[in-house]
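Below you'll find the structure, written out as structure tokens, and then a few comments.
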Amino acid sequence: MSTSRGGFSSRLGFILAAAGSAVGLGNIWGFPTQTATNGGAAFVLVYLVLAFCLAYPAFMAELLIGRYGQANAVTSMQKMSRTQWQKHFAFIVGFGGIVCAALILSFYGILAGWMMSFAIEPVTSLLGFNQGSTWLTSQSIARNLIFTALFMLLTISIIRKGVEEGIEKWSKRLMPMLIGLLILLIIYVFTLEGAAEGFSAYLNPDISRVFEPGLLISALGQAFFSLSLGTSVMIIYGSYISKKENLVSLGAQVTLIDVSIAFLAGLLIIPSMYVAQSQGVAIFSDDGSLISGPNLVFDVLPTLFDGMGAIGLFVGFGFFVLMSIAALTSSISMLEGPVSFAVERHDVDRKKATTYVGLGIFALSALIVLNFDLLFGLVIAISTVYGQPMIAMLCCVFVGWIWHRSDILEEIKQGNDTVQDTLFWKIWPWYTKFVCPSAIAIVFWHSL
Ligand code: PFF
């Protein structure tokens with residue numbers, strides 16, 4: 001590992017940073033919401049299978065590219081290329097991922113800003129600043145711009161410090177807080193009336209829905225978004241891992257943490273909705289499905305917290321702090337992709353690169369805030385519906401078809417001498433070559 005570019009100082013540092021990237025609003029908001037709209041436990045079941053069978057192999061491909069290249073996404077992929085056209089292809093895939101990460105951060109920063117403003121609201125309520133509370137929880141351009149800017153400043157300040165002092169240190173602080181808060185909230189919600197009904201709605205699968213194309217597409221999209229695939233993020237995080245580490249087990253541990261936290265988030269959100277129902281809050285929309293999307297997080301849950309009296313202020317505070325932390329550990333990974341590219345390819349000082357790239361992405365967020373109806377959905381669609389699956393698929397094609405099998409083995413053997421005799425090595429190369437690209441292509445085609 002080159003000392004000048006930094007790297008994770010420990011295995012735990014990598015696991016928490018990569019899990020921090022993976023665990024975000026996608027897990028705590030997206031996953032329960034998708035579960036609510038796609039038949040409860042049937043979705044959970046399909047998600048678990050797809051996360052391990054399709055997202056994990058693709059995730060391993062990205063980690064391996066990075067660890068082999070020990071550089072940003074473009075340089076790493078170009079190191080694997082032998083011919084000129086492969087180098088061009090590497091540039092398109094690597095740079096495409098970096099652009100995708102920047103686009104995702106531009107809308108994610110807005111959502112995270114909402115979480116932060118809702119986290120502050122219980123404090124203003126407690127202090128009796130009612131007008132302040134109303135402002136914090138109402139949509140306005142000023143509020144959105146201010147809180148997106150605040151969130152971007154936090155993200156920039158962590159990334160300016162580099163890999164070990166910034167990403168690793170903060171992931172080690174924030175991830176345990178996130179897990180602790182999540183568990184505390186689940187325990188509290190479980191003591192409330194109505195939670196048991198939510199629990200059984202969450203865990204009873206309607207098996208007839210398991211093969212519905214819509215459900216499969218949503219579950220795969222969710223798994224890819226959740227593991228931050230197709231964004232260059234796992235390539236760059238992979239490049240900071242020591243050659244002594246066993247990548248196969250590191251990747252599996254991160255996937256397991258990501259999936260488990262999504263599952264736990266479902267245990268919090270779905271029972272909370274049924275608790276809200278038992279307090280008279282409507283939780284079903286007109287078509288009979290559970291309310292999801294922004295209404296769930298910004299209407300149903302706050303109404304539930306309000307109905308809890310004084311303790312609701314603390315529960316609401318805990319919930320939105322949880323959301324903000326989850327967003328922050330993900331946003332730092334999104335900023336690291338473009339920043340590492342600027343530092344390594346254009347020789348820009350890290351602090352300067354972070355500030356310029358961060359401000360550039362904030363300018364994009366501001367543009368979205370000012371043209372919300374036009375741009376918000378569009379940027380989400382371009383980056384997550386089209387960009388991520390396409391880039392993730394091309395990464396698999398790169399590893400499966402361009403990189404030589406013997407070179408892959410040489411790389412993966414570092415830190416894992418006996419990998420050749422494992423089930424992983426018997427299955428994964430074929431999987432990455434044939435199954436992953438075709439499955440992603442089929443699902444992508446259907447979603448169009
Ligand atoms: N995995 C994050 C989540 O589930 O919220 C989102 C994400 C992070 C997407 C980093 C893309 C990315 F590069």
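Residue numbers run from 1 in the order of the sequence given. Note that ligands are numbered from 1 as they come in the structure, with each ligand's atoms numbered from 1 the same way.
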Proximity of A22 to ligand 1 by residue part, where a heavy atom lies under 4.0 Å: backbone
Parallel, tilted or perpendicular, as decided by the 30° and 60° cut-offs, for the rings of F320 and F118: tilted
Modelled atom types, side-chain donor and acceptor of T75 and R345, under 3.5 Å: yes
Shortest protein contact, atom 10 (C) of ligand 1 (heavy atom only): S228 OG, 3.3 Å
Taking atom 2 (C) of ligand 1 as the reference point, the nearest protein heavy atom with its distance: S21 O, 3.3 Å
Heteroatom distance test (S333, ligand 1): nitrogen or oxygen, under 3.5 angstrom: no
Contact (N/O only, under 3.5 Å) between N27 and ligand 1: yes
Heteroatom proximity flag, L25 to ligand 1, N/O under 3.5 Å: yes
Contact check: G26 vs ligand 1, nitrogen or oxygen atoms, below 3.5 angstrom: yes
Any donor-acceptor pair under 3.5 Å from S21 side chain to A17 backbone: no
Whether W401 and F434 hold their rings parallel, tilted or perpendicular, with breakpoints at 30° and 60°: perpendicular
Atoms of ligand 1 close to I104 [distance to a heavy atom under 4.0 angstrom, numbered from 1]: 11 (C)
Close N or O approach (S226, ligand 1; < 3.5 Å): yes
Protein residue, atom and distance nearest to atom 13 (F) of ligand 1, heavy-atom basis: T231 OG1, 2.9 Å
Carboxylate-amine/guanidinium proximity below 4.0 Å for E344 and R350: no
Under-4.0 Å heavy-atom contact with ligand 1, by part of F225 that carries it: both
Side chains of T155 and S331, donor plus acceptor under 3.5 Å: yes
Side chain N246, main chain S249, donor-acceptor under 3.5 Å: yes
Qualifying residue for side-chain contact (heavy atoms from CB on, under 4.5 Å) with M175, from I325, I15, V23, L12: V23
